[in-house]
Amino acid sequence: MNIFFENANAAVSESLDNNSYSLIFVLLTFLIIFYFFLFRPQQKKDKQHKILMNSLSLGDEVMTKSGFLGRISKIKENGYILLQLNDKTEVFIKKDFIVSLIPKGTLKSL
């Protein structure tokens with residue numbers, strides 16, 4: 001009877017050793033998948049946004065996250081921009097809220 005228990009104990013300890021290696025392999029696989037599908041695209045997007053923020057200049061026509069279209073009339077050193085929405089309306093917005101540049105002349109065509 002002891003022979004059966006010894007064989008069973010040996011089989012269980014062997015399967016636990018193999019199981020720990022497979023667990024590490026599965027965890028590494030998930031980490032790699034998360035990196036390539038979540039973290040790396042977000043890093044690329046952040047890098048492109050930072051390039052956009054550094055390329056802004058006076059007179060550029062931009063679109064904000066809230067959907068405002070306007071022309072940059074003043075850039076402050078503290079990270080704010082005076083955005084001219086039309087001839088009479090100007091608003092201060094944070095520079096980070098600009099989503100994209102739009103082609104010049106778009107505001108006049110609207």
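Cluster partners of L85, using a side-chain heavy-atom cutoff of under 4.5 Å among ILVMFWY residues and allowing indirect links, are L52, M53, L56, L58, V62, F68, I72, I75, I81, L83, V91, I93, I98, L101.
In this structure, K74 places its NZ atom where only 12 or fewer heavy-atom neighbours from other residues, nucleotides or ligands lie under 6.0 Å away. In the displayed structure, D87 atom CG is contacted under 6.0 Å by at most 12 heavy atoms of other residues, nucleotides or ligands.
Using a 4.5 Å heavy-atom threshold, the side chains of L31 and Y35 count as separate.
When atom types are taken as modelled, the side chain of T89 and the backbone of N86 share no donor-acceptor pair closer than 3.5 angstrom. Side chain of S73 to main chain of L82: a donor-acceptor pair is present (N/O by atom type, distance under 3.5 Å, no hydrogens or angles).
Distance OG/S100 to CG/D60: 11.5 Å, rounded to 0.5 Å. Within the model, atoms CG of D46 and CD1 of I51 stand 11.0 Å from one another, a figure rounded to the nearest 0.5 Å. Between the NZ atom in K104 and the CZ atom in R71 there is a gap of 8.0 Å [rounded to 0.5 Å].
The heavy-atom pair separating P103 from T106 by the smallest distance is O-OG1, 2.5 Å. Scanning both residues, E61 and L107, for their nearest heavy atoms gives OE1-N, 3.4 Å.
There is no path of hydrophobic side-chain contacts, each under 4.5 Å, that joins L28 to F34. F36 and I33 sit in two unconnected hydrophobic clusters of ILVMFWY residues. Membership requires side-chain heavy atoms under 4.5 Å apart, directly or through other members.
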